[in-house]
Every structure is written in C-alpha cells, then in structure tokens.
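A short write-up of the structure that comes next.
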Amino acid sequence: MKIAIGNDHAAVEMKNLMMEYIAELGHTIDNYGTDTQDSCNYPEYGEAVACAVAQGRADCGILICGTGVGISIAANKVKGIRAAVCSDVTTARLVKEHNDANIIAFGARIVGIELAKDIVRAYLDASFLGGRHAERVKMISEIEMRRGQD
Ligand code: RB5
C-alpha cells in the first residue's frame with residue numbers, strides 16, 4: 001500500500017518513528033510533513049496529505065499534529081476526504097469498517113509511539129464493511145455536493 005504521511009512541528013519525532021514502522025510493515029510511504037521543529041502551520045500539511053489521497057497518489061494517509069485535531073479538520077476540507085482522529089485501537093478499526101476513513105490522525109502530545117503503532121496497525125488491517133455503512137458514507141458525500149457551493 002502507498003501511504004502519505006504529514007505532520008507539523010509537534011510531531012516530527014513521532015512521524016519519523018512511524019515512517020520506520022510503516023516501512024517495516026512493508027508499505028511505501030511518502031513524507032509530506034515538516035522535518036524540523038520550527039513552528040509551522042498544520043493546515044498546510046493536512047491539505048498536502050488530503051490532496052495526495054483525494055488525487056489517488058496515495059491509498060490512504062496518516063496525519064499527526066499535537067492533538068491530531070487541527071490537521072484532520074484541515075484535511076476534511078478537501079473533497080472526498082474522511083479523516084478521523086483516533087486515540088485508541090477500537091476507534092481506529094471502526095473508522096475504517098464503518099466510516100471508510102481514508103486518513104487516520106492522532107496527536108503526538110496525546111498518544112505514545114507504541115499506542116500510535118497499534119492504532120495505525122488496527123486501521124491498516126481493517127476493511128470497510130459496506131452495506132448500511134456505504135449508504136451513510138454516501139450521505140456524507142452528498143452533503144459535500146450540496147454544501148460545497150454555499
Ligand atoms: C501546535 O502547537 C498545535 O496547535 C498543533 O500541533 C495541533 O495540536 C493543532 O490542532
């Protein structure tokens with residue numbers, strides 16, 4: 001799988017450890033995040049990863065900032081993106097099974113590296129269940145279509 005990763009200054013170390021882990025799992029990873037701890041703006045990195053996923057340059061994305069919240073809010077502004085913040089393994093599995101999340105986000109100031117690895121693994125190992133969940137995901141896309149012009 002080809003994975004796009006992005007981060008702000010709060011998550012450089014976490015991003016580097018996560019890239020090593022993703023490579024160990026046998027996936028390809030493209031780094032769209034900052035590599036320095038100089039203060040920067042998380043929306044830029046959320047948008048970069050979201051565009052890579054929305055345009056098919058990556059199969060899915062991983063976003064990390066201090067909390068995972070700001071960077072995921074930014075990513076969710078890109079059409080077709082369903083970015084979900086997860087701080088536990090069960091949510092990480094369910095956002096793929098039920099919501100077909102195409103980006104997972106978490107906070108480097110919230111979860112430690114071992115939990116972050118388990119979260120990412122649970123997300124990558126899960127599959128979208130379709131059925132009634134597909135209907136609901138379609139409803140989300142329809143909101144995007146209806147409200148995109150407002
Ligand atoms: C940066 O200090 C911090 O605001 C950012 O990483 C993130 O937590 C925002 O949601």
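Since the structure is predicted, the reported quantities are computational estimates derived from the model, not experimental observations. These numbers come from the heavy atoms of this one structure, side chains and all, not from hydrogens, waters or symmetry mates. Note that the numbering runs from 1 along the sequence shown for the chain. One-based numbering, in listed order, for ligands and for the atoms of each.
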Is any side-chain N of the basic residue among K15 and D35 closer than 4.0 Å to the acidic one's carboxylate O? yes
Any salt bridge between D100 and R82, counting N to O under 4.0 Å? yes
Side-chain heavy atoms nearer than 4.5 Å, only ILVMFWY residues, links allowed to pass through others: does that put M14 and V89 together? yes
Going by distance only, is there an N or O of R109 that falls short of 3.5 Å from an N or O of ligand 1? yes
Students should be able to answer this: which protein heavy-atom is nearest to atom 7 (C) of ligand 1, and at what distance? C65 SG, 3.4 Å
Polar contacts were defined as any N/O atom of the residue lying under 3.5 Å from an N/O atom of the ligand; does this apply to G68 and ligand 1? no
Using side chain to side chain contact (heavy atoms under 4.5 Å, CB included) as the criterion, point out the one residue from K2, M19, E20 that pairs with I29. M19
Which heavy atom of the protein is the closest neighbour of atom 6 (O) of ligand 1, given with residue, atom name and distance? D8 OD2, 2.6 Å
Number the atoms of ligand 1 from 1 as they appear, then name those within less than 4.0 Å of a heavy atom of A10, with their elements. 6 (O)
Part of T67 within contact of ligand 1 (heavy atoms, under 4.0 Å): both
Is there a polar contact between ligand 1 and G70, counting only N or O atoms under 3.5 Å apart? yes
At less than 4.0 angstrom from any non-hydrogen atom of G66, what atoms of ligand 1 do you find? 5 (C), 6 (O), 7 (C), 8 (O)
Counting from 1, what ligand 1 atoms have a heavy atom of H9 closer than 4.0 Å? 1 (C), 2 (O)
